[in-house]
Peer 1: 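Pasting in a structure now, in structure tokens, and then I'll have a few things to ask.
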Amino acid sequence: HCQQHIKSFLGEKVSRVLFVPYALHDRDAYARRARERFESLGYGLDSIHESCDPVEAVRKSEAIFVGGGNTFRLLKALYDNSLIQEIRKRVLEDGIPYMGSSAGTNVATISINTTNDMPIVYPPSLQALGLVPFNINPHYLDPDLKSTHMGETREERIRQYHEEPNTPPVLGLREGAMLLVEGDKATLQGVTGARLFLRGKKPTEHEPGTDFSFLLTDSNLQKL
């Protein structure tokens, strides 16, 4: 569903993508699946788990794609392999493209505090790559209005997160939604909308095409 977005984002300058399958246990199978898809789009794919030097693989990468699975497992592996600062440098300083799906989206934000996953392993910190100065809740689900049990909704959990001081905005991305960040511009893409949660404010609905650039500027967030 997002193949054209991927081709547009990576462009013609990228010939190979570095895949990070750390969020799943069977990394070989995950890499095979990803390699088939990217090769069908005209891109070669190298999986970081096949490299004898993951740090060097990141340093040589033209683009990075971090796949989904369990966010805690993924973040722990990034710390274990000393990749947090290396990925940050390649993306924020060198400007290579970064794509993340599900858990790969979670780790691109400030922290994994708003993941839906179970803490099956214990990373040294919940702080993530910090490529953007806010958090995301992938696979955001709306409350079922027909349900007789309305507890433990995603909205309620995010509200509980915002009861803690100094917590950043949370963007709830529904299935089929994507956030494109280029420089100081952030745009909601895809076929579904998103729900934005700001601490101390009512959540707001947003349709594809919404300009979320203000979320990228810390000084603007202080005024919200």
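In this chain, numbering begins with 1 at the start of the sequence shown.
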Peer 1: Would you say that N135 contacts Y161 through its side chain, given a criterion of any heavy-atom pair below 4.5 Å between the two side chains?
Peer 2: yes

Peer 1: Side chains of K185 and S213, heavy atoms from C-beta outward: is any pair under 4.5 Å?
Peer 2: yes

Peer 1: I96 versus S61: any side-chain heavy-atom pair under 4.5 Å?
Peer 2: yes

Peer 1: Hydrophobic cluster membership, with links at side-chain heavy-atom distances under 4.5 Å among I/L/V/M/F/W/Y: are I112 and I110 in one?
Peer 2: no

Peer 1: Apply side chain to side chain contact (heavy atoms under 4.5 Å, CB included) to L171 and L179, showing your working.
Peer 2: CA-CA 10 Å; L171 186 62; L179 187 69; 4.1 Å; yes

Peer 1: Do the side chains of L92 and I64 join up, straight or via other hydrophobic residues, at under 4.5 Å, putting them in one cluster?
Peer 2: yes

Peer 1: Decide if atom CZ of R37 counts as having more than 12 heavy atoms of other residues, nucleotides or ligands within a radius under 6.0 Å.
Peer 2: no

Peer 1: Find the distance between CG (N81) and NE2 (H49) and round it off to the nearest 0.5 Å.
Peer 2: 12.0 Å

Peer 1: Please table the atom pairs, donor to acceptor, closer than 3.5 Å between any side-chain atom in residues 120-134 and protein atoms at least two apart or in another chain.
Peer 2:
{"unit_1": "S125", "atom_1": "OG", "unit_2": "Q127", "atom_2": "N", "d": "2.9"}

Peer 1: Check for me, please, whether M178 and L215 land in the same ILVMFWY cluster - side-chain distances under 4.5 Å, paths through other members count.
Peer 2: no

Peer 1: Identify, with sequence neighbours excluded, every residue that meets side chain to side chain contact (heavy atoms under 4.5 Å, CB included) alongside D80.
Peer 2: K76

Peer 1: If you compare all heavy atoms of P169 against all heavy atoms of L196, which two are closest, and at what distance to 0.1 Å?
Peer 2: CB-CD1, 4.4 Å

Peer 1: Between atom CG of D28 and atom CZ of R32, what is the distance when rounded to the nearest 0.5 Å?
Peer 2: 6.0 Å

Peer 1: Supply the members, apart from F38, of the Ile/Leu/Val/Met/Phe/Trp/Tyr cluster built from side-chain contacts under 4.5 Å; use none for a lone residue.
Peer 2: I6, F9, L10, V14, V17, F19, L24, Y30, L41, Y43, L45, F65, M99, L180

Peer 1: With sequence neighbours left out, write down each residue that passes side chain to side chain donor-acceptor pair (under 3.5 Å) with R73, or none if nothing qualifies.
Peer 2: none

Peer 1: Could you pull out all residues at least two apart from N113 that satisfy side chain to side chain donor-acceptor pair (under 3.5 Å)?
Peer 2: S111

Peer 1: Looking at side-chain heavy atoms only, is the closest gap between T187 and F212 below 4.5 Å?
Peer 2: no

Peer 1: So does D94 have more than 12 non-hydrogen atoms from other groups sitting under 6.0 Å from CG?
Peer 2: yes

Peer 1: Is the CD atom of Q3 crowded by more than 12 outside heavy atoms at less than 6.0 Å?
Peer 2: no

Peer 1: Can you list the other members of the hydrophobic cluster that holds L141, where links are side-chain heavy atoms under 4.5 angstrom apart?
Peer 2: none

Peer 1: Rounded to the nearest 0.5 Å, what separation is found between the CG atom of L78 and the CG atom of L83?
Peer 2: 6.0 Å

Peer 1: Under 4.5 Å between any side-chain heavy atoms of L173 and N137, yes or no?
Peer 2: no

Peer 1: For residues R154 and N116, is any side-chain donor paired with an opposing acceptor at under 3.5 Å?
Peer 2: yes

Peer 1: Closest approach of I48 and V20, non-hydrogen atoms and distance?
Peer 2: CG2-CA, 3.8 Å

Peer 1: In sequence, state the C-alpha distance, the side-chain angles, and the governing distance for E205 and R174, and then conclude on salt bridge (Lys or Arg N to Asp or Glu O under 4.0 Å).
Peer 2: CA-CA 11 Å; E205 260 322 295; R174 296 185 178 90; 2.8 Å; yes

Peer 1: Verify whether one side chain among H25 and N70 offers a donor that lies under 3.5 Å from an acceptor in the other.
Peer 2: no

Peer 1: Does a donor on one side chain and an acceptor on the other come within less than 3.5 Å for T204 and H206?
Peer 2: yes

Peer 1: Give a yes or no on whether Y79 and V58 share a hydrophobic cluster (residues Ile, Leu, Val, Met, Phe, Trp, Tyr; joining criterion: side-chain heavy atoms under 4.5 Å apart).
Peer 2: yes

Peer 1: How about R199 and V170: do any of their side-chain heavy atoms sit closer than 4.5 Å?
Peer 2: no

Peer 1: According to side chain to side chain donor-acceptor pair (under 3.5 Å), who are the partners of R88, at least two apart in sequence or on a separate chain?
Peer 2: none

Peer 1: Within the side chain of S101, is there an N or O that forms a donor-acceptor pair under 3.5 Å with the backbone of G104?
Peer 2: no

Peer 1: Just by distance, do the side chain of T210 and the backbone of E207 share a donor-acceptor pair under 3.5 Å?
Peer 2: yes

Peer 1: Mind checking what makes side chain to side chain contact (heavy atoms under 4.5 Å, CB included) contact with P138, not counting sequence neighbours?
Peer 2: T105, N106, I136

Peer 1: Could you go through the side chain to side chain contact (heavy atoms under 4.5 Å, CB included) check for V55 and R59 one step at a time?
Peer 2: CA-CA 6 Å; V55 170; R59 290 175 178 170; 3.5 Å; yes

Peer 1: Name all residues meeting the side chain to side chain contact (heavy atoms under 4.5 Å, CB included) criterion together with E175; count only those two or more places apart in sequence or in a different chain, and write none if there are none.
Peer 2: H139

Peer 1: Measure the spacing between OG of S47 and CZ of R35 and express it to the nearest 0.5 Å.
Peer 2: 6.5 Å

Peer 1: In Å, rounded to the nearest 0.5 Å, how long is the span from NE2 of H162 to OG1 of T114?
Peer 2: 8.5 Å

Peer 1: Just to verify, what does T167 make a side chain to side chain donor-acceptor pair (under 3.5 Å) with, not counting sequence neighbours?
Peer 2: none

Peer 1: For P203, what residues pass the side chain to side chain contact (heavy atoms under 4.5 Å, CB included) criterion, not counting sequence neighbours?
Peer 2: E155, R195, F197

Peer 1: P208 and T192: which non-hydrogen atoms are nearest, and at how many Å?
Peer 2: CG-O, 3.4 Å

Peer 1: Rounded to the nearest 0.5 Å, how far apart are CG of L216 and CD of E182?
Peer 2: 11.5 Å

Peer 1: Which pairs pass side-chain hydrogen bond (donor to acceptor under 3.5 Å, both in side chains) with one or both residues in residues 6-23, sequence neighbours excluded?
Peer 2: S15-E62, R16-D46

